[in-house]
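Everything on this sheet refers to the single structure shown next.
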Amino acid sequence: MANAEAATLAIAGAVLALGLAGVGASLGQRMAASASSLLMAERPERFGITLILTVLVETSAIYGLLIAILILARLDTANSLDQGIAALAAGVSVGVSGFTTGVGEGVAASASVGGVANREAIFGKALVLTVLPETGAIYGLLNAVLILRGAGFLGAVAAPPTQLGIAALYSTLIIAGTSVVSYLQGRVGASAISAISRREEAFGRDIIFVVLLESVLIYGLLIAILILRFNAVI
Amino acid sequence: MKRNQLPTLTPVPMVKLRALMLDSYVEPILEALQEEDVIHLVDEKERASLWEGMIEPIEASAEIRRWQNLLLRIDRLFSELEFREELGLLDQLFKPREREPLEVSFDEEEQLLNEAEGLVDEVEREVRGRVVRYRSIRDFLWSIRTLSVRMDELRSSRDVLVKIGWAPAENLEGLENELQVRSGFATLYASEEGRRRYIVIVTLSSHEGETQRILEKYGLEEIVLPEELSGDPDRALRWIDDQVNNLSRRHERRILILYDAVQAKLARLRSVERLGRIGRVYTMEGWVPQHRAEEARTLIEKASEGYATVLLSPVDEPVSNVPSLLTERRGFSSFRILAEMYDVPAYNEIDPTPFLAVSFTIFVGLMSADIAVGLTVLLGGLLILRGAGTRSENMKSLAQILLWIGLSSIFFGFLTGEFFGGLIPLPVLWMSSAEQPIEFLMVAIVVGIVHITSGVFLGMYNNLVKRRWRRIVGEQISTLFLFAGGGILAFTGQFGFEGIGLVGYSIVFSGLGLLLVGQGLSGLLDITRLLSSVISYARLMAINMASAWMIRTFILVGDLIIGTPIVGLALTAVLLIFAHLFIVFISTFSTFAHSLRLVYVEFYGRFFNGGGLEFNPLRKERMYTTLRTAGVEG
C-alpha cells in the first residue's frame with residue numbers, strides 16, 4: 001500500500017514528466033509543422049521528408065510519457081517519502097530536459113524544413129543536425145530511469161538507500177540545469193543548417209560547433225551518475 | 001564507374017594527363033572519354049598550365065543554350081506522353097522501376113542526335129494536338145464516371161443539342177442561372193469540385209443560337225468527343241488511355257534515347273569550355289587514375305586517329321588540387337555516402353569509409369539491440385533495395401546500409417536477450433542494459449576508448465607519413481599514455497600512490513608531460529576534450545536503455561488493457577503493432593544520427609582533415625538507356 005504523501009509526490013512526478021516534456025515537444029513541433037505547412041504551398045513534393053523532420057521532434061514527449069507510465073504503473077511501490085521524492089525527481093529530470101530539447105529540436109527542425117525547401121539533397125545532413133539536441137533528453141531519461149531503478153519502481157530492490165531522495169534531487173538539479181544546452185544546440189544547429197543549404201561542404205566543420213556545447217551536458221551527466229553512485233542509488 | 005584494381009588505404013593514385021588535339025577530333029575524343037568515366041577535367045582558364053599566355057578561352061554558351069532549349073522541349077514531351085512516373089512517398093521507396101534501360105547502339109544514338117531538332121518538331125506536332133485533347137476528354141470522363149450514361153447519349157441529334165466542355169468554377173453559377181432563365185428547357189450537369197468544372201448541357205436544337213451565345217459569354221471551352229468513343233465512361237476511359245499509350249509507345253524509344261544523348265551532348269559542351277585553344281589546336285588537362293592512365297591515352301589516340309599528343313606525368317602540384325577517388329571495397333562501398341556526407345578525404349589522406357562502416361554498424365546495433373527491431377529494419381532494407389534501389393544508386397546504398405544495421409541489431413538483440421522488450425523471453429547471453437545499467441555503461445565507455453584509440457593510431461600513421469614527429473608525441477603518444485594510465489587506475493580501483501596505483505599515476509603524468517612537450521600549454525585543453533569524448537559514448541547505453549524501456553512501457557500499457565472485455569485483445573494487438581513501428585521509426589533515425597555524430601566528432605577528430613576535391617569524371621549519365629557494346633555497360 002502506497003504512502004499517501006509519497007504517492008502524491010510520485011503522481012506529481014508523472015504529471016511533470018509528461019507535462020513539461022509534452023509542452024516542449026509541442027512548442028518545437030509547432031515551429032516545424034508551421035514551416036512545413038507553408039512549404040506545401042510551394043513544394044508539395046517535399047511532404048514526406050518534412051513530415052519526418054516534424055515527427056522527430058516528438059521524441060522528448062515520448063520519453064516523458066515513458067517515465068510517467070513507469071511511475072503510475074508502480075505507484076504502490078511508493079512506500080516512503082524518499083521514494084516519492086525520487087519519483088518526483090525522475091519526473092522533473094525527464095520533464096525539464098524534454099522541454100528544452102523539444103524546443104531546441106523544433107528550432108533546428110524548422111530550419112531544416114527551410115533548408116530542404118531550397119535543396120532537397122541536404123536532407124541527411126539536416127537530419128543529423130536536427131537530432132543532435134536530443135542528447136539532453138536522452139541524458140534526462142537515463143537519469144530518471146536510474147533513479148526509478150534505485151527506488152524500486154522498475155523491479156524489486158533489497159532496500160532503497162537512505163539518501164535516495166536527496167541524491168535523486170541533486171542529480172536531477174544538475175541534469176535539469178545543464179539541459180538548457182539542448183535548446184542552445186538547437187539554435188546553433190539552425191545556423192549550421194542555414195550554412196549548409198548555401199554550401200554543403202560546411203557540414204563537417206559546422207557539426208563540430210554544434211557538438212562543442214555538449215561538453216557541459218556530458219559533465220552534468222558524469223556528476224549526476226557519481227552522485228547516484230556514491231549514494232548507493234545505482 | 002569501373003572497379004579500381006588495387007584497394008588502398010588512401011585514395012587511388014592519380015596521374016596528370018595533358019593532351020593536344022586537332023579541333024575536328026575534340027568531340028570524338030570527349031565522347032570516348034565520357035563513355036569510360038576515366039578523366040577529371042581541369043578548367044584551363046582557372047589554372048596555370050604549361051601553355052599559359054598562349055591559350056584562348058573557349059565560349060560555347062550559344063551552342064549550350066541551343067541544346068538546353070532542346071532538352072526543355074524533350075522534357076515537356078516527357079510530361080505530355082507521361083513517361084515519368086508520378087509516385088507518392090511509399091511508391092518512391094518501395095515500387096520497383098517499371099522501365100528497364102533501353103539497349104542502344106552508338107550509331108543509333110549518333111543518328112538521333114544529328115536529327116534531333118527535326119525529330120522533336122515532328123513529335124511535338126503530333127503530340128500537342130492529340131494528347132492535350134485526349135487529356136481534356138479524359139478529365140471530363142473522370143468527372144462523369146459515377147453517372148449512368150453512355151457515350152451515344154452525349155451526342156447531338158436532329159432535335160436535341162448536347163454541349164460538353166469545361167468552364168471556370170466561378171462562372172458556373174452565372175451560367176446555370178442564365179441557361180435556366182433564357183434557354184428555358186436546358187438541363188445542365190456540372191462536376192462539383194476543382195477549378196475547372198466539366199459541364200454537360202442538354203437542350204432543344206432550336207435553342208442552339210441562344211445557348212451558344214450564353215456558353216461563349218461564360219467562357220465554356222468545348223470538348224468534342226471522338227466518334228470512336230462508345231459504351232460507358234469506364235470503357236471510354238480505357239479507349240482514351242489506349243490512344244495515349246499508343247502515341248507514347250510509338251515515340252518512346254526515340255525520345256528516351258534522345259534525352260540521354262542530349263544530356264551527354266550538353267555535358268560534353270560544358271567540358272569543351274574547360275579546354276583551351278591555340279589556333280586549331282585544343283589543349284586538355286585532367287587527372288586520371290594511375291592504373292587507367294594508359295587506357296586513357298589509348299582512348300584519345302584511337303578517337304583522334306593519331307591527331308593528338310598525350311603527355312602523362314606524376315602529381316606535380318599541391319595535393320589540394322588533386323581529386324580524390326575512393327577505392328571500391330566490397331561490402332563497404334555502400335557506406336561511402338555516409339563518409340562523404342562529412343567531407344571528401346584529401347588526396348593523400350586515409351579513406352575513413354571501412355572504419356566508418358564497421359563502427360557505425362556496431363554503434364547502431366548496440367543502441368537498438370532488439371531482434372524484432374532488427375528484423376523490421378532488415379525487411380525495410382530489402383523492400384527499398386527492390387524498390388527505390390532500382391532507380392537510384394544512393395537509395396541502393398541506403399538500403400544496403402539498412403541491411404547491415406538490421407543484422408547488427410539482431411546480433412546484439414540475441415546477445416542481450418531482447419525480442420520486443422521481452423515479449424518473447426530469451427536468455428541473456430551477454431548482458432542487458434535494463435538489468436545491468438552500470439555494467440553496460442562501462443562497456444559503452446570501453447567501446448568508446450577503443451574507437452578513439454583506433455582513430456589515434458590512424459592519426460599517428462598520417463603524422464608518420466608526413467614526418468611530423470612532434471605531433472606524434474604531443475597528440476597520439478600522449479593520448480595513449482593517458483588512456484593506459486587512466487585505464488589502470490579505473491579498472492583496478494587503486495587510486496592510492498602505491499603499488500599498481502603508482503604505476504597508473506606515473507603513466508598518466510608521463511602522458512601529461514608528453515602533451516605539454518608536443519603542444520605546449522594549449523595541450524591542456526586536450527584533456528577536457530578527451531574526457532568529454534570518452535563520456536560521450538555513454539549515449540550508447542542511454543539510447544539502448546531508452547529503446548528497451550520504451551518497448552517495455554508499451555507492453556505494460558498492453559497488459560493493462562488486454563483484460564478489457566471483447567476488444568481488449570484487438571486493442572492490445574493494435575497498440576503493440578503501432579508501438580513497434582513507431583519505435584523502429586524513431587530508433588532508426590535517432591541511432592543513425594547519434595552513431596554518425598560519434599564517428600564524425602570523436603573518431604574523425606583524431607586523424608581526419610578532409611577538404612579533398614571529389615573525383616568528378618566526364619561521364620554519360622544514362623537514365624533510360626544502356627550502351628549495347630560487347631562487355632561494356634553505360
Side-chain angles (χ1 to χ4, degrees), chain A residues 45 47-49 51-53 55-56 58-59 62-63 65-70 73-74 121-122 124-125 127-132 134-135 137-146 148-149 154-155 200-205 207-208 210-212 214-219 221-222 225 228-229 234, chain B residues 86 88-90 92-93 337-338 341-344 394 398 433-435 437-438 441 528-529 531-536 538-539 541-543 545-546 548-554 556-557 559-560 582-583 585-587 589-597 600-602 604-605 608-611 614:
Chain A
E45 67 276 10
F47 173 71
I49 54 179
L51 183 65
I52 290 169
L53 290 167
V55 168
L56 276 175
E58 217 171 279
T59 47
I62 301 294
Y63 297 156
L65 176 67
L66 187 159
I67 295 299
I69 291 175
L70 286 175
R74 301 280 171 84
I122 67 164
K125 296 177 184 176
L127 181 72
V128 172
L129 289 167
T130 301
V131 172
L132 283 180
E134 202 181 305
T135 309
I138 291 167
Y139 291 169
L141 174 69
L142 175 62
N143 184 56
V145 171
L146 291 175
L148 289 178
R149 187 174 177 276
L154 303 185
E200 266 190 77
E201 297 77 21
F203 175 72
R205 306 292 181 250
I207 197 175
I208 304 287
V210 176
V211 164
L212 269 177
E214 236 174 65
S215 306
V216 173
L217 275 175
I218 291 165
Y219 300 148
L221 177 69
L222 177 63
I225 289 177
L228 295 175
R229 181 71 171 159
I234 53 173
Chain B
E86 295 287 336
L89 177 63
L90 290 177
Q92 280 179 39
L93 286 174
I337 52 166
L338 297 182
M341 194 159 87
Y342 182 82
D343 206 351
V344 177
N394 280 348
L398 179 67
S433 68
E435 308 306 326
I438 297 301
L441 179 62
T528 52
R529 188 180 149 222
L531 184 65
S532 69
S533 290
V534 168
I535 301 170
S536 196
R539 73 188 65 225
M541 170 266 195
I543 296 175
M545 211 167 172
W549 279 103
M550 255 197 288
I551 303 171
R552 279 167 169 75
T553 306
F554 280 112
L556 193 69
V557 175
D559 278 343
L560 295 174
F582 183 77
I583 286 163
F585 173 79
I586 290 289
S587 70
F589 284 105
S590 186
T591 54
F592 226 88
H594 285 285
S595 299
L596 283 178
R597 178 239 176 274
Y600 289 161
V601 179
E602 319 306 353
Y604 275 24
F608 189 73
N609 291 312
E614 193 180 353

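Proteins come first, then strands; the chains are lettered A, B, ... in the order of their sequence lines, and each starts at number 1.
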>> Between A:Glu214 and chain B, with a heavy-atom cut-off of 4.5 Å, which part of the residue counts as in contact: side chain, backbone, both or neither?
In response: side chain
>> If you count heavy-atom pairs within less than 4.5 Å of chain B, which of A:Thr135, A:Thr59, A:Leu146 leads?
In response: A:Thr135
> Out of curiosity, A:Ile218 CD1 to B:Leu531 CG, how far, rounded to the nearest 0.5 Å?
Replying inline: 8.5 Å
> Where does B:Phe592 contact chain A at under 4.5 Å (heavy atoms): side chain, backbone, both or neither?
Replying inline: neither
> Which answer fits A:Leu212, side chain, backbone, both or neither, if we ask what part of it has an atom under 4.5 Å from a heavy atom of chain B?
Replying inline: neither
> chain B heavy atoms under 4.5 Å from A:Leu142: which part of the residue, side chain, backbone, both or neither?
Replying inline: side chain
> Where on B:Val557 is there a heavy atom nearer than 4.5 Å to chain A: the side chain, the backbone, both, or neither?
Replying inline: side chain
>> If you define the side chain from C-beta out and look only at heavy atoms, does anything of A:Ile138 sit under 4.5 Å from B:His594?
In response: yes
> Which pair of non-hydrogen atoms, one from A:Arg205 and one from B:Asn609, has the smallest distance, and what is that distance?
Replying inline: NH2-O, 3.0 Å
> What residue, out of B:Thr528, B:Leu338, B:Leu596, B:Asn394, has the most heavy-atom pairs lying under 4.5 Å from chain A?
Replying inline: B:Thr528
> With a 4.5 angstrom heavy-atom cut-off, which part of A:Leu66 approaches chain B: side chain, backbone, both or neither?
Replying inline: both
> Taking side chain as C-beta onward, heavy atoms only, is B:Tyr342 less than 4.5 Å from A:Ile207?
Replying inline: yes
> Out of curiosity, B:Phe585 CZ to A:Glu58 CD, how far, rounded to the nearest 0.5 Å?
Replying inline: 9.0 Å
> chain B heavy atoms under 4.5 Å from A:Ile69: which part of the residue, side chain, backbone, both or neither?
Replying inline: both
> With a 4.5 angstrom heavy-atom cut-off, which part of B:Ile543 approaches chain A: side chain, backbone, both or neither?
Replying inline: both
> Got a second to check how far A:Ile208's CD1 is from B:Tyr604's OH, nearest 0.5 Å?
Replying inline: 11.5 Å
>> Are A:Val211 and B:Tyr600 packed together at the side-chain level, in the sense that at least one heavy-atom pair is separated by less than 4.5 angstrom?
In response: no
>> Is B:Leu556 in contact with chain A via its backbone, its side chain, both, or neither, using a 4.5 Å heavy-atom distance?
In response: side chain
> At a heavy-atom separation under 4.5 Å, does A:Leu221 approach chain B through its side chain, its backbone, both, or neither?
Replying inline: side chain
>> Please classify the contact of B:Met545 with chain A as side chain, backbone, both or neither, using a heavy-atom distance under 4.5 Å.
In response: side chain
> In terms of heavy-atom proximity below 4.5 Å to chain A, should B:Leu441 be classed as side chain, backbone, both, or neither?
Replying inline: side chain
> Do B:Met341 and A:Val128 come close enough that some side-chain heavy atom pair is under 4.5 Å?
Replying inline: yes
> How far does OH of A:Tyr139 sit from CZ of B:Arg539, to the nearest 0.5 angstrom?
Replying inline: 4.0 Å
> Is there a side-chain contact between A:Leu154 and B:Trp549, using heavy atoms and a 4.5 Å cut-off?
Replying inline: yes
